[in-house]
Amino acid sequence: MEKGKIIFLNGVSSSGKTTLAKILQERLLEPFFCFNMDTFDNMMRIPEKFYADDYFYNTSQLKILSVFHQTIKMFSDMGLNTIVDRVFVQGSNSLVECVELFHDYSVLFVHVICPLEELRRREKERGDRYIGQSEEQLSDLIPQDTYDITVDTYNNTTENCADKIIELLGYPEKFTAFKTLWSQYSGKIIRRI
């Protein structure tokens with residue numbers, strides 16, 4: 001069975017990933033399921049009474065991330081296409097784990113950006129993020145420069161950004177970011193929970 005395509009949208013909070021994912025779903029000529037960590041995390045919500053137990057809470061969060069990635073893999077293995085809305089940051093094995101899982105898959109790795117002032121404006125307008133979250137993530141976002149395409153949701157319309165991604169989807173031979181990252185990460189050992 002042919003594996004499903006995977007579009008990873010990586011960018012800081014409020015950069016426009018979720019809106020872009022929705023527009024992609026509407027415009028793509030074949031169905032794509034949308035995965036984002038907020039929805040997945042809410043689905044697997046741990047009762048607050050366990051938050052005080054740091055070991056349990058942190059271990060559970062790491063397991064949830066791995067289950068999230070394994071779910072994307074399962075969808076692709078079943079021939080289903082996915083759009084993944086993520087924020088990969090330093091200090092986590094998430095990107096390394098994804099590269100290990102998907103370096104042989106058809107993955108289009110998209111960097112979603114917009115200027116800091118616009119991030120701040122969107123953050124205030126949203127009201128569901130703490131002020132400064134986007135700015136904090138900017139310096140921790142990884143990778144800094146290994147993507148198949150970068151789209152700017154401020155200097156282009158989100159529809160224009162979607163069109164650029166859709167155009168590139170027709171050229172899977174140009175999906176090289178995960179293969180490049182694999183060559184950089186392949187010596188690292190992923191700690192499995």
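As the structure is a prediction and not an experimental result, all values here were calculated from the model. Below, all heavy atoms of this structure are taken into account, side chains as well, without hydrogens, waters or symmetry copies.
For Arg126, the salt bridge (charged side-chain N to carboxylate O under 4.0 Å, His left out) partners are Asp128, not counting sequence neighbours. In this structure, Gln137 has no side-chain hydrogen bond (donor to acceptor under 3.5 Å, both in side chains) partners at least two apart in sequence or on a different chain.
Under the 4.5 Å side-chain heavy-atom criterion for Ile, Leu, Val, Met, Phe, Trp and Tyr, Leu28 and Leu80 are members of distinct hydrophobic clusters. Cluster membership for Leu9 and Leu141, using ILVMFWY side-chain heavy atoms within less than 4.5 angstrom, is not shared. Cluster membership for Met74 and Phe35, using ILVMFWY side-chain heavy atoms within less than 4.5 angstrom, is shared. Leu65 and Leu181 fall within a single hydrophobic cluster, where Ile, Leu, Val, Met, Phe, Trp and Tyr are joined by side-chain heavy atoms under 4.5 Å apart, directly or via other members. Neither Ile149 nor Val84 shares a network with the other; the hydrophobic side chains, linked directly or stepwise wherever heavy atoms of I, L, V, M, F, W or Y lie under 4.5 Å apart, form separate groups for each.
In summary, Asp148 and Lys174 do not engage in a salt bridge, as defined by a charged side-chain N under 4.0 Å from a carboxylate O. A salt bridge links Lys5 with Glu30: at least one charged nitrogen is closer than 4.0 Å to a carboxylate oxygen. Under a 4.0 Å N-O distance rule, the pair Arg120/Glu123 does not qualify as a salt bridge. The pair Glu125-Arg121 meets the salt-bridge criterion, since a charged nitrogen lies less than 4.0 angstrom from a carboxylate oxygen.
Nearest heavy atom pair, residue Asp152 against residue Cys161, reads O-SG, 3.4 Å. Closest approach of Met1 and Asp77 over heavy atoms only: SD-O, 3.5 Å. Listed here is the closest heavy atom pair of Val112 and Gly16: CG1-C, 4.3 Å. The two residues Val110 and Tyr147 have their closest heavy-atom pair at C-CD2, 3.8 Å. Minimum interatomic distance between Val87 and Ser13 (heavy atoms only, all atoms of both residues): CG2-N, 4.3 Å. Nearest heavy-atom pair across Ser66 and Glu97 is OG-OE2, 2.7 Å.
Classification of the Phe8-Phe88 ring pair by plane angle, with boundaries at 30° and 60°, yields tilted.
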Could you walk me through whether Lys73 and His69 pass the side-chain contact (heavy atoms from CB on, under 4.5 Å) check? CA-CA 6 Å; Lys73 183 180 185 308; His69 301 148; over 6 Å; no
Would Ser106 and Lys3 count as a side-chain contact (heavy atoms from CB on, under 4.5 Å) if you check the C-alpha gap in whole Å, the side-chain angles of each, and the deciding distance to 0.1 Å? CA-CA 8 Å; Ser106 183; Lys3 291 182 178 3; over 6 Å; no
Working note: Tyr185 + Asn93, criterion side-chain contact (heavy atoms from CB on, under 4.5 Å); need CA distance, chi angles, decisive distance, verdict. CA-CA 11 Å; Tyr185 295 159; Asn93 268 342; over 6 Å; no
Let me see the working for Thr153 and Ile113 under side-chain contact (heavy atoms from CB on, under 4.5 Å), right down to the final yes or no. CA-CA 6 Å; Thr153 61; Ile113 64 168; over 6 Å; no
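Taking the centre of each ring, Phe175 and Phe109 stay at or above the 6.0 Å mark. For Phe178 and Tyr105, the gap between ring centers reaches or exceeds 6.0 Å.
Taking OG1 of Thr146 as the reference point, atom CG of Asn10 lies at 11.0 Å (rounded to 0.5 Å). From Ile6, atom CD1 reaches atom OG1 of Thr82 across 4.5 Å, with rounding to the nearest 0.5 Å. Note that the NZ atom of Lys22 and the CD atom of Gln25 stand 9.0 Å from one another [nearest 0.5 Å]. Rounding to the nearest 0.5 Å places OG of Ser14 at 11.0 Å from CG of Leu116. Atom-to-atom distance recorded for Cys98:SG and Phe68:CZ is 8.0 Å, nearest 0.5 angstrom. For the atom pair CD1 of Ile7 and CD1 of Ile166, the computed distance is 7.5 Å after rounding to the nearest 0.5 Å.
Two residues are said to be in side-chain contact when any heavy atoms from C-beta on lie closer than 4.5 Å; Glu135 and Leu119 fail this criterion. Between Leu108 and Ile165 there is a side-chain heavy-atom pair separated by less than 4.5 Å.
Judged by distance alone, the side chain of Ser15 and the main-chain N or O of Val12 form a donor-acceptor pair under 3.5 Å. Of the possible polar contacts, one joining the Lys17 side chain to the Gly11 backbone as a donor-acceptor pair under 3.5 Å is found. No donor-acceptor pair closer than 3.5 Å links the side chain of Thr176 to the backbone N or O of Lys179.
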